[in-house]
Amino acid sequence: MVPLVLSLLDPQIKTVRCLLPMNHFILKDVPYDIEENREGMWKIIDQDEVLQQFQSVFEKRGSHLGMDHLQLSFLGDSWLFSWENGNTELKQSEFLHYLMRGADEIPDRHSMIKELFPESSYIFWSKDRF
């Protein structure tokens, strides 16, 4: 994303300000100077904790679909769904899109896991109010 944004800017622009948490995956391996900003408020997410929470949810959903022993794991910047008779890898953006919006228009390559992502009528949970 960073190289794409920079390619769209006028060459005379020398500074771009983008507010992201310091551990954001977009900043991984970025060859630019990064200035830490401690004025923002970010919720730090523990990947292992998130994985455990999602594991139990998708395990229950998968058992109803005949996906025995469904396992969820990280594979670089992707999520890997593995079960006895197959597996599917989702890029992080795909995973978040399906999680938030449901998988009604899921590509054929992910059709095996469509039922794991039911349509959601809203994005934010009540606890996400500020």
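The chain is numbered in sequence order, starting from 1. These numbers come from the heavy atoms of this one structure, side chains and all, not from hydrogens, waters or symmetry mates.
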Here the gap from L90 atom CG to S78 atom OG, rounded to the nearest 0.5 Å, amounts to 8.0 Å
Closest non-hydrogen contact found for M112 with M67 is O-CE, 2.8 Å
In terms of heavy-atom contacts, E115 and L65 come closest through CB-CD1, 3.4 Å
NZ of K60 to NE2 of H64, rounded to nearest 0.5 Å, is 8.5 Å
Heavy atoms of P118 and R61 approach each other most closely as CD-NH1, 3.4 Å
dist I113:CD1 -> E89:CD (nearest 0.5 Å) comes out at 10.5 Å
Legend entry - K91 vs D77, side chain to side chain contact (heavy atoms under 4.5 Å, CB included): CA-CA, chis, key distance, verdict: CA-CA 6 Å; K91 291 179 170 55; D77 289 336; over 6 Å; no
Item checked: Sub-6.0 Å ring centroid separation between F58 and F117 -> yes
Q) Do V50 and F95 belong together in a cluster built from hydrophobic side chains that touch within less than 4.5 Å? A) yes
d(N87 CG, S73 OG) to nearest 0.5 Å is 9.0 Å
Taken in chain and number order and not counting sequence neighbours, the residues that satisfy side-chain contact (heavy atoms from CB on, under 4.5 Å) with L51 are L72, F74, W79
Criterion side chain to side chain contact (heavy atoms under 4.5 Å, CB included) on H69 and E59, from CA distance to verdict:
CA-CA 7 Å; H69 309 290; E59 216 171 61; over 6 Å; no
task: Indicate if L116 and L80 have the same hydrophobic cluster label, given that clusters are the connected sets of ILVMFWY residues with side-chain heavy-atom separations under 4.5 angstrom.
output: no
>> Checking the side chain of E84 only, and the main-chain atoms of G66 only, is there a donor and an acceptor separated by less than 3.5 Å?
In response: no
Could you go step by step and tell me if F54 and F81 meet the ring pair (Phe, Tyr, Trp, His ring centres under 6.0 Å) rule? CA-CA 11 Å; F54 281 140; F81 291 79; 9.2 Å; no
CD of E94 to OG1 of T88, rounded to nearest 0.5 Å, is 10.5 Å
**Asked** Considering only heavy atoms from C-beta outward, does the side chain of D68 approach that of W83 to under 4.5 Å?
**Response** no
With sequence neighbours left out, the residues meeting side-chain hydrogen bond (donor to acceptor under 3.5 Å, both in side chains) with S82 are none
